[in-house]
Number of protein chains: 2
Amino acid sequence: MANRRASITDLAKELKLSASTISRALANHDDVSEATKQRVRALAAELNYQPNQLAAALRKGRSNTLGVLVPHITGHFFPLVVHGIATEASKAGFNVMIFQSNEDEQQERKNIDLLMNAQVEGILVSLANTTQHFEHFEAVQKQTVPLVFFDRIIEGMEGQKVAAVSLDDYQGAYEVVSHLVEQGCTRIAHFTGPLHLNIHKNRHQGYLDALQAHGLPVEEPLTVFCSMDQKGGRQGMQKLLRLAAPPDAVFSSNDLAAVGALQLVKEKGLRVPQDIAIVGFSNEKFTSLTEPTITSVDQRCEQMGQTAVRLLLKMLNATSETAAPPQNIVLKPKLLIRESSSRKPQ
Amino acid sequence: MANRRASITDLAKELKLSASTISRALANHDDVSEATKQRVRALAAELNYQPNQLAAALRKGRSNTLGVLVPHITGHFFPLVVHGIATEASKAGFNVMIFQSNEDEQQERKNIDLLMNAQVEGILVSLANTTQHFEHFEAVQKQTVPLVFFDRIIEGMEGQKVAAVSLDDYQGAYEVVSHLVEQGCTRIAHFTGPLHLNIHKNRHQGYLDALQAHGLPVEEPLTVFCSMDQKGGRQGMQKLLRLAAPPDAVFSSNDLAAVGALQLVKEKGLRVPQDIAIVGFSNEKFTSLTEPTITSVDQRCEQMGQTAVRLLLKMLNATSETAAPPQNIVLKPKLLIRESSSRKPQ
DNA sequence: TTGAAAGCGCTAACAG
DNA sequence: CTGTTAGCGCTTTCAA
């Protein structure tokens with residue numbers, strides 16, 4: 001037999017009190033006698049009373065829920081960020097509702113609508129890589145629902161500033177190149193994906209600037225556009241080895257292409273890092289399991305999620321007076337030096 | 001200036017219609033004239049009307065939301081399952097709310113309460129590994145909220161059957177051993193974690209039964225209890241190599257320990273798979289990036305999520321008459337044969 | 001085809 | 001300290 005869930009009204013009838021008193025007792029208001037509170041709590045426990053958050057949210061105009069919209073929950077990066085988000089939101093007493101855009105702008109729009117319908121109090125978004133229009137986000141802001149972008153962010157949303165948390169890809173790339181120079185490398189190549197994606201663009205720029213800063217010439221053939229997976233890495237490496245003057249180091253914009261390059265180099269009978277040093281980006285699990293282990297850059301995934309939530313909560317608590325202009329937080333990456341780039345003894 | 005969100009009442013006033021008509025028009029009821037519908041839709045679009053799902057849910061008693069409770073959203077397995085869940089739920093028009101128990105029974109209880117408060121229509125759970133008591137789940141069932149366990153399931157909840165989706169670990173292990181026998185291995189060792197966890201227990205049993213089925217003796221020292229990470233795998237391997245009669249194959253209950261074993265074997269100058277074949281479990285990304293690549297068992301992560309949601313929806317649609325006894329779905333694992341166990345040419 | 005009225009469960013004035 | 005009243009926004013009888 002289906003136990004209908006006990007409501008405040010049920011408790012009220014049972015105890016011959018009013019609904020408001022029950023509500024106050026459960027909320028532990030000062031103006032309810034301790035005796036009454038006891039009775040209410042006892043009965044609530046006995047009937048296994050569960051407050052209906054929907055009703056409370058409707059009444060209070062606060063859903064206690066945050067929305068998350070990511071391209072997908074697969075791979076290395078997003079699960080970790082989502083983990084960071086969920087953990088931090090929980091700490092603050094918020095529920096988390098999750099949607100995936102599947103890298104599709106249409107789904108992104110639809111999911112934003114769903115989140116708004118669900119009356120979430122704030123939204124954390126990482127853009128689909130196909131997104132070109134941003135009206136759906138402007139609509140969110142018009143409704144004064146705080147919005148924080150992370151990782152894949154809008155550079156300038158119709159001139160308006162938006163809150164965002166991202167990684168300093170430029171800095172990460174710069175450090176990689178500096179490290180390689182320190183290890184004695186002088187001809188450093190770079191694997192990159194399409195430069196219209198900000199991650200690749202910024203890493204590429206960091207690469208170029210670091211070369212110049214260290215007085216190394218920038219040679220166009222050393223920047224290789226390849227598909228950023230294992231196979232692409234192999235192909236990129238093949239191209240580099242065929243050059244008249246092959247490089248003595250490769251900095252790949254991700255780890256998968258780095259591992260592809262590593263494999264090819266080894267097959268050709270060359271040594272890593274002595275003949276060619278290799279560095280990846282993202283610090284995926286497997287970088288410490290290959291032979292040699294691969295130097296990479298940690299993206300602070302969980303910290304990014306945590307930071308994004310904190311920023312959102314800050315915006316949520318700000319009144320229109322205390323409201324500061326939208327913050328753009330840039331996290332520092334961490335270079336993890338492993339065997340694939342360690343030419344000199346520590 | 002904060003645009004208050006447009007409500008049905010607002011539309012009603014504007015169009016000099018009643019709220020009920022607006023509601024019906026937006027729901028595309030037959031008994032509203034096409035002309036009226038047009039007018040309503042036009043204004044709704046103009047004012048960027050967003051239905052308040054909270055209010056609708058409260059009124060209808062249906063939140064359109066599913067709850068997910070996992071130990072955590074990290075590692076290889078759970079993110080993929082969650083991805084499967086989120087994708088399938090979206091297809092069916094459900095929102096997904098996610099919580100993590102962090103492997104802690106207390107948090108699990110608390111999160112179940114939160115999900116119930118949020119009035120989710122069904123819950124998908126994978127148990128925390130510390131969970132010993134199940135009253136919190138019985139409470140859910142009493143409230144007739146459908147509950148589906150996945151991966152980490154309750155074997156028998158106070159005698160009651162519960163709906164569950166899991167992987168046939170026994171079968172996976174059995175296939176691994178059969179494959180190793182086929183490759184000519186005769187002394188097959190096994191790395192396992194604590195046997196009170198069903199994944200390890202079932203894999204271990206599959207290992208034992210397969211040995212017997214192939215007429216191989218079961219030797220106790222060949223079952224090694226070790227911490228199921230890289231370091232544990234190395235230690236386990238060390239122990240095995242010290243045996244008077246070391247094994248010619250190791251089946252590890254996970255991939256990380258397998259990679260540890262692999263590394264140690266290579267360091268000792270032994271060849272994989274010729275001297276010692278190695279097989280893992282889970283089909284983590286890195287198993288195809290090591291040298292040699294590691295044979296492993298795919299756990300059908302996304303399919304598990306998808307299946308769990310479908311089962312839940314089926315339960316949700318069942319009336320008390322059509323209700324069947326709780327289903328226990330067991331997915332078939334898939335053995336992926338790679339270099340670390342391929343002694344014979346294909 | 002439309003409207004009036006009631007209520008989902010909760011909370012927050014306001015009153016006593 | 002407790003009760004009365006009203007209403008969050010929506011849907012659904014019932015009546016016109």
Side-chain angles (χ1 to χ4, degrees), chain A residues 2-41 43-44 47-65 113-114 116-121 143, chain B residues 2-41 43-44 47-65 113-114 116-121 143:
Chain A
N3 277 355
R4 204 181 54 76
R5 281 135 117 130
S7 69
I8 283 198
T9 317
D10 297 335
L11 300 194
K13 277 188 191 139
E14 186 80 14
L15 294 179
K16 304 208 187 298
L17 286 171
S18 73
S20 14
T21 300
I22 306 289
S23 175
R24 285 185 286 238
L26 292 170
N28 201 22
H29 268 267
D30 311 329
D31 47 7
V32 177
S33 75
E34 204 45 51
T36 307
K37 282 185 189 172
Q38 298 281 345
R39 292 206 303 146
V40 172
R41 287 192 197 124
L43 186 65
L47 299 186
N48 189 27
Y49 166 75
Q50 310 256 22
N52 184 330
Q53 205 209 223
L54 254 41
L58 180 60
R59 172 64 233 243
K60 293 199 276 199
R62 300 201 49 223
S63 66
N64 239 264
T65 300
D113 271 351
L114 290 173
M116 292 301 285
N117 296 351
Q119 309 293 115
V120 295
E121 294 189 45
Q143 313 266 27
Chain B
N3 277 355
R4 206 181 52 77
R5 281 134 116 132
S7 70
I8 283 197
T9 315
D10 297 334
L11 301 194
K13 277 187 192 139
E14 185 80 15
L15 293 178
K16 303 204 185 297
L17 285 170
S18 72
S20 10
T21 301
I22 307 289
S23 173
R24 284 185 285 239
L26 291 171
N28 201 21
H29 269 267
D30 311 330
D31 48 8
V32 176
S33 76
E34 204 44 53
T36 308
K37 282 185 190 172
Q38 298 281 346
R39 291 206 304 146
V40 172
R41 287 191 197 124
L43 185 65
L47 299 186
N48 190 27
Y49 166 73
Q50 309 256 24
N52 184 329
Q53 207 209 219
L54 255 40
L58 179 60
R59 172 64 230 240
K60 292 199 278 199
R62 301 200 49 225
S63 66
N64 238 268
T65 300
D113 270 352
L114 290 173
M116 293 300 284
N117 297 351
Q119 309 292 115
V120 295
E121 295 190 45
Q143 313 265 28

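Residue numbers begin at 1 in each chain, while the letters A, B, ... track the order of the sequences.
In this entry the distance linking CG of B:Leu17 with C1' of C:dA4 reads 14 Å, nearest Å. The interatomic distance linking A:Leu11 (CG) with C:dC10 (C1') rounds to 12 Å, in whole Å. For B:Leu15 and C:dT2, the CG to P distance is 11 Å, given to the nearest whole Å. If you take CD of B:Glu121 and P of C:dC8, they are 19 Å apart, rounded to a whole angstrom. At whole-Å resolution of the value, NZ in B:Lys13 and C1' in C:dG3 are 16 Å apart.
For A:Thr21, the side-chain hydrogen bond (donor to acceptor under 3.5 Å, both in side chains) partners two or more places apart in sequence, or in a different chain, are A:Ser18.
Residues A:Leu17 and A:Val40 have side chains in contact (heavy-atom distance under 4.5 Å, counting atoms from C-beta outward).
Using a 4.0 Å heavy-atom distance criterion, B:Leu54 is classed as making no nucleic acid contact. Nucleic acid contact for A:Lys16: sugar-phosphate only, since backbone atoms but no base atoms lie under 4.0 Å from a heavy atom of the residue. B:Asn52 comes within contact range of the sugar-phosphate backbone alone, with a heavy-atom separation under 4.0 Å but no base atom that close.
The CG atom of A:Leu47 lies 14.0 Å from the CZ atom of A:Arg5; values are rounded to the nearest 0.5 Å. Rounding to the nearest 0.5 Å gives a distance of 10.0 Å between OG1 of B:Thr65 and CD of B:Gln119.
The stretch residues 16-36 of chain B participates, sequence neighbours left out, in these salt bridge (Lys or Arg N to Asp or Glu O under 4.0 Å) pairs: B:Glu34-B:Arg41.
One finds no side-chain N or O of A:Ser7 lying less than 4.0 angstrom from the OP1 or OP2 phosphate oxygen of C:dC8.
Taken over five-pair windows at either terminus, the axes of the helix from C:dT1-D:dA16 to C:dG16-D:dC1 are inclined to one another by 40° (rounded to 10 degrees).
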Atom pairs and distances, side-chain donor-acceptor, residues 7-14 of chain B, under 3.5 Å, sequence neighbours left out:
| residue | atom | partner | partner atom | Å |
| --- | --- | --- | --- | --- |
| B:Ser7 | OG | B:Thr9 | N | 3.3 |
| B:Ser7 | OG | B:Asp10 | N | 3.2 |
| B:Ser7 | OG | B:Asp10 | OD2 | 3.3 |
| B:Asp10 | OD1 | B:Arg4 | NH2 | 3.4 |
| B:Asp10 | OD2 | B:Arg4 | NH2 | 3.1 |
| B:Asp10 | OD2 | B:Ser7 | N | 2.8 |

Quiz: residues 50-60 of chain B side-chain donor-acceptor pairs under 3.5 angstrom, not counting sequence neighbours:
| residue | atom | partner | partner atom | Å |
| --- | --- | --- | --- | --- |
| B:Asn52 | OD1 | B:Leu54 | N | 2.9 |
| B:Asn52 | OD1 | B:Ala55 | N | 3.1 |
| B:Gln53 | OE1 | B:Asn95 | ND2 | 3.2 |

Starting at the 5' end of nucleotides 11-16 of chain C, put B wherever the base has a protein heavy atom under 4.0 Å, S where only the sugar-phosphate does, and a dash everywhere else.
BBB---

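Counting all heavy atoms, side chain and backbone alike, B:Val32 lies closest to B:Lys37 at O-CE, 3.6 Å.
Nearest-nucleotide mapping onto DNA chain C: of B:Asp31 and A:Thr9, the residue sitting toward the 5' end is B:Asp31.
Chain B approaches DNA chain D within less than 4.0 angstrom (heavy atoms of the protein), and the contacting nucleotides run 5' to 3' from D:dG9 to D:dT13.
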